[in-house]
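Structure record follows, encoded as structure tokens.
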Amino acid sequence: MQSIWNGAISFGLVSIPVKLANATVSHAVSFRQIHTEDGGRIRYRKVCELEEKEVPSSEIGKGFEDADGSIIPITEEDLASLPLPTTRTIDIVAFVESERIDPLQMGNAYYLMVNGAPAAKPYALLREALRRSERVAIAKFALRGRERLGMLRVVDEVIAMHTLHWPDEIRSPEEAAPETDVTVRDAELDLADALMDTLGDVDLDSLHDDYREAVEEMVTAKVEGREPAPEKEPAQGEGTVIDLMSALESSVREAKRSRGEGEGEDAGEKGGENGGESGGENREKGKDAEVTSLSSRRRTGTRATSSTGSGSGAKKKSAPARKKTAGGSGSGKSAASSSRGKSGSGRSSTAKKTASSGSGTKKTASSPTTKKKTASARKRSA
């Protein structure tokens, strides 16, 4: 592992010679700038403004620009002679609990390696002291032309150091807070908790850079002269207005489906078939008065409609009965409508006979012959 700095850790009167090495490595895909007309490489050249010619790196030094624009040369010897103990020393100033370090302060990570066999004993002493105290060390050191703040902690059998931003370099979070007041409802929090529980834990070692792999696949496809793999469906666009409750419910179902939990999928399908009843139940569980009231009104309306429908059906059923009764006095429609059953047909035939008999009686009473006979009987009697 290549070191980028040599110095010592100052631990009270104990000095531990160490080397500093990067603890992380970047695998980001880097691109070159080219001329789009002919594909030629675009390069940056370091040119001296006075001589107007390119200068090699070996002839390039440091300089401080004064307020009037003049440049004051600064050499490595000037920096090394600064009256600061941190120029070649990681000076430990305190030991604190790790919880006191805000992650916003943390910067680059480095490994501290022993520089020579004599440094192994004091190095192990500091390492074990940090491990047993369950604290971290706060130190000051100089690197790349400036004094920095650092945090030392134990990682396995190595002492790691994280650069820390100075407290006055951390911006106030109030500048980034939403400008409008937002009210989060209990039902939304319940669904968010359900989504968090469904997503669960993750093995950090299993995470990888999908973007880098996609770029490498695209480059490989271009080199081989084939078409790259089709693009995945893009995520929801920025600034899109969504129904938060529906989005949370869908997210929970998708998370369960991705984990192979059939119950979540079935519940989602049943919820869709029942017109969102499952969503209403979730809202009720969340004790959200507005959503609960809405669901209650919807369900009440459904029952009212059903009851109304049943009443209409009862009225419709009683209406044919009335028609059948009316048919007993001579209605032909009643006889036709009652032909579905034998008993209905029998009643219809009887009604017809009764109607015919009644009609015959009326005709006999009103016949002229009957009137003459009645008149003759009255004369004999007289």
Side-chain angles (χ1 to χ4, degrees), residues 23-24 26-28 97-107 109 134 136 151 153 155-156 160 162 164-165 170-214 231-296 298-299:
T24 60
S26 176
H27 294 293
E97 292 77 11
S98 59
E99 291 79 7
R100 292 180 54 185
I101 305 301
D102 191 333
L104 286 173
Q105 286 187 261
M106 299 180 67
E134 297 182 351
V136 297
M151 179 191 74
R153 68 184 183 96
V155 179
D156 294 336
H162 299 267
L164 299 178
H165 295 286
I170 305 298
R171 292 180 175 178
S172 173
E174 296 178 356
E175 300 177 7
E179 296 181 358
T180 57
D181 294 335
V182 179
T183 301
V184 179
R185 299 179 295 177
D186 291 340
E188 295 168 342
L189 283 174
D190 290 340
L191 281 174
D193 291 340
L195 178 58
M196 293 168 62
D197 294 339
T198 304
L199 292 176
D201 202 352
V202 65
D203 181 8
L204 295 179
D205 293 335
S206 66
L207 302 178
H208 56 277
D209 188 350
D210 293 327
Y211 178 80
R212 177 174 61 88
E213 293 182 357
E231 297 180 359
K232 295 181 180 180
E233 184 177 352
Q236 180 132 14
E238 182 180 355
T240 303
V241 179
I242 61 173
D243 183 348
L244 185 57
M245 292 293 291
S246 299
L248 287 171
E249 291 172 356
S250 300
S251 299
V252 172
R253 288 196 296 268
E254 288 298 328
K256 288 183 177 180
R257 186 178 294 110
S258 65
R259 289 177 173 269
E261 298 181 12
E263 295 179 0
E265 183 177 359
D266 294 339
E269 293 176 354
K270 291 180 180 177
E273 294 174 356
N274 294 333
E277 290 181 359
S278 61
E281 292 175 0
N282 289 334
R283 295 183 182 92
E284 291 176 358
K285 290 179 181 179
K287 298 181 181 180
D288 180 79
E290 179 183 351
V291 179
T292 304
S293 177
L294 178 60
S295 301
S296 178
R298 286 179 178 173
R299 286 194 291 270

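This structure is a prediction, so every number in the text was calculated from the model and none was measured.
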- Query: Who pairs with His27 by side chain to side chain donor-acceptor pair (under 3.5 Å), at least two apart in sequence or on another chain?
  - Reply: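 Side chain to side chain donor-acceptor pair (under 3.5 Å) list for His27, sorted by chain: empty.
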- Query: Partners of Ser250 by side chain to side chain donor-acceptor pair (under 3.5 Å), sequence neighbours excluded?
  - Reply: Arg253
- With sequence neighbours excluded, tell me which residues meet salt bridge (charged side-chain N to carboxylate O under 4.0 Å, His left out) with Glu254. Arg257
Just jot down the side chain to side chain contact (heavy atoms under 4.5 Å, CB included) partners of [X], sequence neighbours excluded, or say none.
X	answer
Glu97	Glu99, Arg100, Arg135
Ile101	Val96, Met106, Val136, Ile138, Met151, Leu164
Asp209	Tyr211, Arg212
Val182	Thr180

- Message: Would you compute the distance between atom CD of Glu249 and atom CD of Glu188 and round it to the nearest 0.5 angstrom?
- Response: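 These two atoms lie 10.5 Å from each other.
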- Item | Point-to-point distance, once rounded to the nearest 0.5 Å, from CG of Leu191 to CG of Asp186 |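 Rounded to the nearest 0.5 Å, the CG-CG separation comes to 11.5 Å.
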- Is any side-chain heavy atom of Leu104 less than 4.5 Å from a side-chain heavy atom of His165? no
- Would the number of heavy atoms belonging to other residues, nucleotides or ligands and lying under 6.0 Å from CG of Asp203 be above 12? yes
